[in-house]
Amino acid sequence: MSAATNPTGPNPSVAHLRVVSDRAAGAPGITLAGVSKTYRSRDGDVPSLRPLDFHIHAGEFFVVVGPSGCGKSTLLKMISGLLSPSTGEIFVEGEAVTKPHGNVGIVFQNSLLLPWRNILANVMLPIDMKGLPREKYLPRAKDLLKLVGLEGFEKKLPWQLSGGMQQRASICRALVHDPKIMLMDEPFGALDAMTRERMNVELMRIQRETGKTVLLITHSIPEAVFLADRVLVMTERPGSIAAIYDVPLPRPRSLDAMADPVFTELVQRIRKHFFTQSTLD
Amino acid sequence: MFDKNEVARERGVAELKAPGAVSKTLNAAWVRPVLFLLFIVVAWDLTIRLFRIPPYQIPAPGDVLVVLWTDWPELLRQAWPTTYATICGFLLSAVFGIPVAMLIAGSKTVESYIYPLLVFSQSVPKIAIAPLFVVWFGFGIIPKVISAFLLGFFPVVVSAVQGFKSVDPDMVDLARAMQGSRFKVFCAVNLPHAMPAIFSGLKVSVTLAVVGAVVGEFVGSNSGIGYVLQRSIGTFDLPTMFAALVILALLGVVLFWIVDRIERFVIPWHVSQRDDFLFAA
Ligand SMILES: Nc1ncnc2c1ncn2[C@@H]1O[C@H](COP(=O)(O)OP(=O)(O)O)[C@@H](O)[C@H]1O
Ligand SMILES: [Mg+2]
């Protein structure tokens, strides 16, 4: 049913690196080749990620689950170019990442909308930051707001919206400059359970309609299985790949998919990874 | 599919709040403090009568009012240099304080060099070094301005540093990931975020600048409310002295009020201004 692919060894040789690099150059999606991260701080080095090798296909919905502090957010920051890896290389759409490249849209747990900008101006933030022509992207921003059901809220300030609506606006902001990739760090972690389920369905629809590659981090195993094409399970800090599971549930999925035996079995299997370690979060 | 209910509720909330807020501000803002002031004046008068306090210790409110009434052209003339020095000193503290705070918040190195010295300098009593400015700059306006500046500077720096530092690092990361230059990110995120804190610093600063100007006038000046104060103490003319204090208090209140107005204009989005915002919207 669900196939676990082998995690790559912790110490890939240089030759192995080169092979991946060559393949990655020009390949769409995201490729990590021997990527590790050790934070240098005053009280010594903090190894956060052991060398990782994997590839996320273009248009794939890829979900990462792992215990708190295993380096998930670090991984996301490295892919967006905000942090550089200690070893290895990252390729986004075939280009080696060395600095912020803007080919990603980011959604954090907090919607992080600027309280002094109205919803539309918040969605336009990436356009302002990149210095792109506003007139050209304004219709797109409005279309996106319509896509997530926030039509008519363009002129509202963030605090006038509920938590779920704020998070939808931040999804629009992540998509407005039309990046190939959407990076989401526990995007629905601050929402109540019901809003969260609705947002999951919503997100799948948005992903289907926009065709974006999505890398989503979550603490919730059911959420991971429900959303993902593939689920990457990480070990405790310093994080490495425990397993990668394919989710063979057909799309489009509704909430009924959670009752599917395939679903429940896979959730159970992933959960086993964390029984032996500590809990998730 | 989208929460029409949620939409309706949000609109309802926005509309419900508005009328209540209007009448509330009209009532609370002016009437209550004036009532309280009246109460204090009456209590003051009663205390003097009840305990037979002689007028060379505490003048009766009536006597002070008489002085205010008969001497107001002279008091007003003397209020002008004090006001001028206060405003100049205050503007200087804003013009220097905010950039210094930016440097301190932006660089750990700058912070480690400057901040401790700044705190240290605060424990030097300004009144003790004010005569020095008279020695350096004579009896003109400059010593008063410097004295006002020195008192107003610190609160601006402390609040602004706190404001700049309290920016959510994820928010900055988000803007940086969109390839915003340091300057653009600062203008779009850090600076507006720090504005409420800066304004609370400015409000403290403007009232302290009044004190600073008066201190400057105490040690070396032949004009200004501080000069009137000192002269009237010398001649035991307590009603004039109290009248001068009333003028100073009024000056402080008016300047505070002006800064408050500017704040409402500059950061209408802030929590503290929301009632007004709804009123205006
Ligand atoms: N700036 C930093 N300096 C030092 N250590 C850090 C820093 N950021 C994160 N870490 C450490 O790296 C590990 C991984 O962090 P993070 O990627 O935020 O984990 P996760 O998102 O999986 O909870 C944590 O143990 C954390 O303490
Ligand atoms: Mg995290």
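Throughout, a chain's letter reflects where its sequence line sits, starting with A, and its residues are numbered from 1.
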Item to check | Leading residue by heavy atom contact count with chain B [cutoff under 4.5 Å; candidates A/Q109, A/K99, A/R173] | outcome: A/R173

Checklist entry - Relative to chain A, which segment of B/D168 carries a heavy atom at a distance below 4.5 Å: side chain, backbone, both, or neither? => result side chain

Next on the checklist: Is there a side chain to side chain contact (heavy atoms under 4.5 Å, CB included) between A/R117 and B/W269? Walk through the geometry before answering.
Outcome noted: CA-CA 8 Å; A/R117 286 183 174 227; B/W269 49 268; over 6 Å; no

Item to check | Flag, side chain of B/Q179 to backbone of A/K130, donor-acceptor distance under 3.5 Å | outcome: no

Next on the checklist: Looking at every non-hydrogen atom in both residues, tell me the closest pair between B/A188 and A/L114 and how far apart they are.
Outcome noted: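 Between these two residues, the closest heavy atoms are O-CD1, 3.8 Å.
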
Checklist entry - Which atom names give the shortest non-hydrogen contact between A/L82 and B/A177, and what distance separates them? => result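 Closest approach of A/L82 to B/A177, heavy atoms only: CD2-N, 3.7 Å.
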
Item to check | Gap between atom SG of B/C187 and atom CE of A/M129 - 0.5 Å precision | outcome: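 Answer for the CE-SG pair, A/M129 versus B/C187, is 8.5 Å.
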
Checklist entry - When rounded to the nearest 0.5 angstrom, what is the spacing between CH2 in A/W116 and NE2 in B/H193? => result 7.0 Å

Item to check | chain B contact via A/N103 - which portion, at a heavy-atom distance below 4.5 Å | outcome: neither

Item to check | Non-hydrogen side-chain atoms of B/L174 and A/F108 separated by less than 4.5 Å | outcome: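 They are in contact (side-chain heavy atoms under 4.5 Å apart), so the answer is yes.
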
More than 12 heavy atoms from other groups under 6.0 Å of [atom1] on [X]:
X: B/Y115; atom1: OH; value: yes
X: B/R182; atom1: CZ; value: no
X: B/Y113; atom1: OH; value: no

Next on the checklist: So that I can tick it off, tell me whether A/K77 and B/D173 are bridged by a salt bridge, with the cut-off set at under 4.0 angstrom between side-chain N and carboxylate O.
Outcome noted: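 Salt bridge present between B/D173 and A/K77.
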
Next on the checklist: If you apply the rule side chain to side chain contact (heavy atoms under 4.5 Å, CB included), what do you find for A/L125 with B/M178, and how did you get there?
Outcome noted: CA-CA 9 Å; A/L125 182 76; B/M178 298 304 117; over 6 Å; no

